[in-house]
Amino acid sequence: MIIPERTSHVPGDAVRLLVDDPSVRTVRVHHLAHVVAEVTVEDGVAIVPAQPVGGYGVTGVDAAGAERHRTAFDVLEDPFDRPRYGFVTKMDDSAPVEEMLTFFRRLHLSLAQFYDWAYRHSTLLPPEDPYLDPLGQPRSLAVIDRLAARFSEAGTVPLGYSAVYAIGADEVDRWSAAVLRREDGAPYRLGEDFLVLVDPGDEAWLAHYTQQLRDVIDRTRLRGFHLDQYGWPKFARTADGRIDVARSFVRMLAAVRAAVPDARFMFNNVNDFGTRETAGAAQDASYIEVWSPHDTLQDLAELVARTRALRPEHPPIISAYLSCFADGPAGGVEAAKCAMAAIYSSGGTHLLLGDNSHALTDPYYPRNAELEPAAVDALVPWYDFLVRYGDVLLAPDVHDVTEFYTGGINEDIVIDAAGHTVSTKAAADSVWVRVFRTGDGSHVVHVVNLLGLEETEWDRAKPPVAPLEGATVKVATGLAPVGVWSASPDGPELRPLLGRDAGTAAQADALSAGQEHLAFALPPLGRWTLIWLPAADGPAARAEKDLR
């Protein structure tokens, strides 16, 4: 195994890679299709010289030149530029700290949500240590600080979970003026006697709540917050009359930024509620926890697209809990791959994994699934792939051009799936094709193999993919000035496509351009294949030259 010593790196940092296989003598570092470094392994460590901002792939090589083990790393000004979110639920003396750190490094998880760490929802810090959280889980602030410090050293930003408008049922009298009420005057509650909701924008509540956040930043090693809501109510009454809760969220976020300008935080737009209102707020990421009726892979893609349009500078984080892991690890892993293909290809990232090899299956994070090593091994290449190709997947200027490049009357990019249905939407038993353009004029085609699936719900166990043989792609000549390349999580190095033939389609009618094209044979298509068409004056023009 090869893993980076840190989950994220900043410009000017050398990158230390930890190598536990003594047969690996050197590591080869790629940026897109270009080899940028080859480094000797000494005493189980390879030190890569500082690299420019971007995503990099790493391959270990033995003395005979055989490739052994892969990983990735990226260099960013800020981890939130390409956020990869994990979770932590083990926060007492039993926490397997080293295993957790290794897992986060292996998956490059650069943000960590410490879930339900607080003493109470309205009183975050405990009166004594150790303590029990509101649902009786054992917690230790000393352990939380130790974990947060270790995560920070490893490049991961530790964030503490906090609901922005929850008080205990026994606190209603104190906050009576701010309580969110139904039309009949009854408080909105979570559980019969557990929590009551207050107006998150109420002035008195905000004075109290932001002081709680300030105290956490000043007195712990947590560096920010995951700010949560429950998705309801949208409108409610308080002592001052009816309020629009989304507008209250905006006031809350402004108050939090003013109170803790040195903290990092994001807000949960549950099921897309509040995204439009909060997208412009001074938070550090966009985050959506997904629920029905956002049930399909297409829904995940569209959530990412809508959020990127509102806040293009930060790839949105999608939290889609896979309860289907309870049906068995294999079906859960395949469901995870389908969800990641939909999210990653749209320009977002996915909160799914955390602790020491656990996957989220439920909104109450301690109810999760422990993954077997084989399941982790199957998912790691997908996280590597996201990091390695972040430059073309997650850059702020990446935008969807599918509906006027491919499918229907479009002739710029044509996928022939060897007789199978090709769709620009995520449809059962089809090959899902999408096209994106980057700021330098390059193009990225995503081919997601959904053949054999009877449905496209993201939280349904999926069978293994059957690789599709014999597919081809036709590309308008002007889109491929320096060739066409492909890679996938199963084969992550960009390879030039073969079988280059020129042709011209007949101009059948006024809707047809009679496009000049180049035709290429595609490799066997697994679950997700990325096809890259670099621009002639883009950063990859030299890569094609070097590999010829």
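Small disclaimer: the values here were computed from a predicted structure and weren't measured.
No hydrogens or angles considered: nothing links the side chains of Ser23 and Asp62 as a donor-acceptor pair under 3.5 Å. For Arg434 and Ser346, the side-chain atoms include at least one donor-acceptor pair closer than 3.5 Å. A donor-acceptor contact closer than 3.5 angstrom links the side chains of Ser122 and Glu171. His108 and Asp384 are linked by a side-chain donor-acceptor pair at a separation below 3.5 angstrom, with hydrogens and angles left out of the test.
With rounding to the nearest 0.5 Å, the separation of CG in Leu353 from CG in Leu371 is 6.0 Å.
When each of Tyr165, Tyr161, Phe194, Tyr209 is tested with His121 by the rule ring pair (Phe, Tyr, Trp, His ring centres under 6.0 Å), just one qualifies, namely Phe194.
A salt bridge links Asp377 and Arg106; the closest N-O separation between the charged side-chain nitrogens and carboxylate oxygens is under 4.0 Å. A salt bridge is absent between Lys462 and Glu334; no separation between the charged side-chain nitrogens and carboxylate oxygens falls under 4.0 Å. Residues Arg28 and Glu67 are paired through a salt bridge, judged by an N-O separation under 4.0 Å between the basic side chain and the carboxylate. One finds no salt bridge joining Asp74 and Arg6 here, because no Lys/Arg side-chain nitrogen approaches an Asp/Glu carboxylate oxygen to under 4.0 Å.
Tyr85 has its ring centre less than 6.0 Å from the ring centre of His226. A distance below 6.0 Å separates the ring centres of Trp528 and Phe385. Remark: aromatic rings of Tyr365 and Tyr115 are close, center separation under 6.0 Å.
Looking at heavy atoms from C-beta onward, Leu352 lies in side-chain contact with Leu322 at the 4.5 angstrom threshold.
Classified by interplanar angle (parallel below 30°, tilted 30° to 60°, perpendicular above 60°), the ring pair Tyr131/Tyr119 is perpendicular.
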